[in-house]
Amino acid sequence: MKIIDKLAWIELKDGKILSTRSRGKNVYYIPGGKREAGETDQETLMREIEEELSIRLIPDSIEYVETFQAQAHGHAEGIEVKMQCYSARYKGTIKAASEIEEVVWLQYADRDKVSPVDKIIFDWLRNKGLLS
Ligand SMILES: Nc1nc2c([nH]c(=O)n2[C@H]2C[C@H](O)[C@@H](COP(=O)(O)OP(=O)(O)OP(=O)(O)O)O2)c(=O)[nH]1
């Protein structure tokens with residue numbers, strides 16, 4: 001089985017989770033991306049979030065949350081995405097950048113609009129009382 005390793009940023013506010021939609025996609029993703037050679041989790045996360053949302057995560061505030069794995073959206077069956085999720089505070093104003101077309105705050109009722117791995121994350125957050 002092929003596994004795509006990704007680092008993702010879970011940002012919650014008022015019971016909603018920050019989510020993004022890339023150009024040409026019809027499903028929302030939790031922001032994040034793949035590691036480049038030699039990068040630490042923190043470096044990947046900070047680079048991807050700055051690329052996608054034009055903000056800087058505050059290094060000292062980055063905390064591991066949990067890892068989730070499921071079928072990768074838009075890939076052949078059996079290819080899975082593993083998302084190591086972190087929380088963090090940030091500096092700046094969130095603004096869609098590079099391939100991101102839309103930034104939204106989703107709640108549990110939006111579960112049918114997200115990728116398979118995000119559905120698992122939505123369930124997990126809901127169970128913890130973190131998602132409205
Ligand atoms: N960032 C992110 N990716 C997701 C989520 N859910 C989900 O299936 N993915 C999948 C989409 C792709 O099938 C898979 C791997 O992405 P990809 O191989 O297309 O990576 P990419 O070229 O877009 O690279 P990158 O910018 O994300 O690093 O990750 C999610 O919530 N957030």
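When a ligand or atom number is given, it counts from 1 through the structure's own listing order.
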Are any of the side-chain nitrogens in Lys2 or Glu80 under 4.0 Å away from the carboxylate oxygens of its partner? no
Carboxylate-amine/guanidinium contact Arg47 Glu36, below 4.0 Å: yes
When you check the gap from the basic side-chain N to the acidic O, do Asp41 and Arg35 get nearer than 4.0 Å? yes
Inspect the contact between Arg126 and Asp123 and indicate whether a charged nitrogen and a carboxylate oxygen are less than 4.0 angstrom apart. no
Crowded around Asp60 CG? As in, over 12 foreign heavy atoms under 6.0 Å? no
For the ring pair Tyr86 and Trp9, is the centre-to-centre distance below 6.0 Å? no
Listing by chain and number, which residues have a heavy atom under 4.0 Å from ligand 1? Ile4, Lys6, Tyr29, Ile30, Gly32, Gly33, Lys34, Glu48, Ala72, His73, His75, Val81, Met83, Ser115, Val117, Asp118
